[in-house]
Amino acid sequence: TNVNDVWAELLDGYKKPNTVIYTQGTGTGCGYGQAAMGPFYCPADQTIYLDLSFWQQMETQLGASGADFARAYVIAHEFGHHVQTLTGASQQVRKAQQQARNQAEANKYSVALELQADCYAGVWAARAAEASNGQVALERGDMAEGLKTANAIGDDMLQKRSTGRVSPEGFTHGSAEQRMEWLTRGYESGDPRQCDTFN
């Protein structure tokens with residue numbers, strides 16, 4: 001609810017997304033959601049889907065252990081996608097991807113969208129305490145935890161773990177360095193206007 005409070009203050013006409021918590025699989029407005037997909041946002045039904053087994057995977061495979069803020073960052077990132085649907089950014093990216101000359105170009109739009117959602121997660125982290133009268137506040141080390149997670153789920157790190165090599169043209173979410181940079185930018189500015197990853 002704190003993420004909703006932050007965005008209600010920042011965005012005129014903000015409307016809360018639905019949230020569905022599931023394990024194994026679930027039907028969504030975007031097709032069937034499976035545990036292997038991790039948390040995701042579906043613009044068609046404006047719903048955030050959180051798969052409980054992903055938290056376990058994050059700890060065991062990605063090394064983001066014992067991390068409340070790591071989870072909060074991932075959830076805030078999905079809320080970022082909801083904000084992008086409300087502002088029209090998601091729709092513009094889908095249009096641009098349809099007109100892209102090739103998959104690598106289409107992927108660049110996807111990376112920009114994902115990095116903006118990371119930046120929006122940072123904006124939430126910067127404003128969480130204020131929006132909750134201090135009830136939700138980052139503690140020392142929380143941001144380091146978030147950055148460690150952003151690093152672990154960078155496309156280059158995921159590719160390296162699965163195939164042993166890195167192919168930047170296949171990136172869809174951004175490199176570890178980019179993800180950490182935009183999360184930090186959102187956190188340090190607290191301003192969604194500083195999250196223009198498209199220019």
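Keep in mind that the numbers below use all heavy atoms, side chains included, and drop hydrogens, waters and symmetry copies.
- Between the side chains of Asn2 and Asp5, no donor-acceptor pair is found at a separation under 3.5 Å.
- No donor-acceptor distance shorter than 3.5 angstrom exists from the side chain of Ser167 to the backbone of Gly170, with no hydrogens or angles considered.
- Looking only at side-chain heavy atoms (C-beta outward), Leu147 and Thr184 come within less than 4.5 Å of each other.
- Val93 and Leu86 fall into different hydrophobic clusters, defined by Ile, Leu, Val, Met, Phe, Trp and Tyr side-chain heavy atoms under 4.5 Å apart, directly or through other members.
- Screening residues 86-103 for salt bridge (charged side-chain N to carboxylate O under 4.0 Å, His left out) gives Arg101-Glu105 as the qualifying pairs, with residues at least two apart or on separate chains.
- By the 4.5 Å heavy-atom criterion applied to side chains, Ser90 and Thr85 are counted as neighbours.
- When all heavy atoms are compared, the tightest approach of Leu50 to Pro39 is CD2-CB, 3.8 Å.
- Judged by distance alone, with hydrogens and angles left aside, the side-chain atoms of Asn107 form a donor-acceptor pair with the main-chain N or O of Glu169 at under 3.5 Å.
- Note: Tyr187 and Trp124 fail the aromatic proximity criterion, with ring centroids not under 6.0 Å apart.
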Thr172 and Glu114: CA distance, side-chain angles, deciding distance, side chain to side chain contact (heavy atoms under 4.5 Å, CB included) verdict: CA-CA 8 Å; Thr172 56; Glu114 295 296 336; 6.0 Å; no

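- Using a 3.5 Å distance cut-off with no hydrogens or angles, the side chains of Gln159 and Asp155 do not pair a donor with an acceptor.
- Within the structure, ring pair (Phe, Tyr, Trp, His ring centres under 6.0 Å) contacts touching residues 75-95 (residues at least two apart or in different chains) are Tyr14-His82, Tyr41-His82, His77-His81.
- The main-chain N or O of Ala176 is found under 3.5 Å from a side-chain atom of Asp156 such that the two form a donor-acceptor pair.
- Ile75 and Val6 fall within a single hydrophobic cluster, where Ile, Leu, Val, Met, Phe, Trp and Tyr side chains are chained together by heavy-atom contacts under 4.5 Å.
- Interatomic distance, Glu78 CD to Phe40 CZ, rounded to the nearest 0.5 Å: 9.0 Å.
- By the 4.5 Å heavy-atom criterion applied to side chains, Pro43 and Cys30 are counted as neighbours.
- Within a 6.0 Å sphere centred on OH of Tyr109, other residues, nucleotides and ligands contribute 12 heavy atoms or fewer.
- Gln91 CD: more than 12 foreign heavy atoms inside a 6.0 Å radius.
- A side-chain donor-acceptor contact under 3.5 Å links Arg161 to the backbone of Ala152.
- Residues Gly80 and Tyr120 share a closest heavy-atom pair of O-CD1, 3.7 Å.
- Side-chain atoms of Arg179 come within 3.5 Å of backbone N or O of Ile153 as a donor-acceptor pair.
- Distance alone, capped at 3.5 Å, is enough to place a donor-acceptor pair between the Thr47 side chain and the Asp45 backbone.
- Counting only residues at least two apart or in different chains, salt bridge (charged side-chain N to carboxylate O under 4.0 Å, His left out) contacts with residues 7-28 are absent.
- Interatomic distance, Lys108 NZ to Phe171 CZ, rounded to the nearest 0.5 Å: 12.0 Å.
- The same ILVMFWY cluster, assembled from side-chain heavy atoms under 4.5 Å apart, contains both Leu183 and Leu10.
- Side-chain contact between Phe198 and Leu113 is present, with at least one heavy-atom pair separated by less than 4.5 Å.
- Between Tyr49 and Cys42 there is a side-chain heavy-atom pair separated by less than 4.5 Å.
- The backbone N or O of Ser175 lies less than 3.5 Å from a partner atom in the side chain of Gln178, making a donor-acceptor pair.
- In this structure, Ile48 and Asn18 have side chains that are not in contact, with every pair of non-hydrogen atoms separated by 4.5 Å or more.
- Note on Leu115 and Met180: separate hydrophobic clusters, where clusters join Ile, Leu, Val, Met, Phe, Trp and Tyr whose side-chain heavy atoms are under 4.5 Å apart, directly or indirectly.
- Between Ala126 and Gly186, the closest heavy-atom pair is CB-O, 4.2 Å.
- The shortest side-chain heavy-atom distance between Trp182 and Thr197 falls under the 4.5 Å cut-off.
- Taking CD of Gln46 as the reference point, atom OG1 of Thr19 lies at 12.0 Å (rounded to 0.5 Å).
- Checking side-chain atoms of Arg185 against main-chain N and O of Cys195 turns up no donor-acceptor pair under 3.5 Å.
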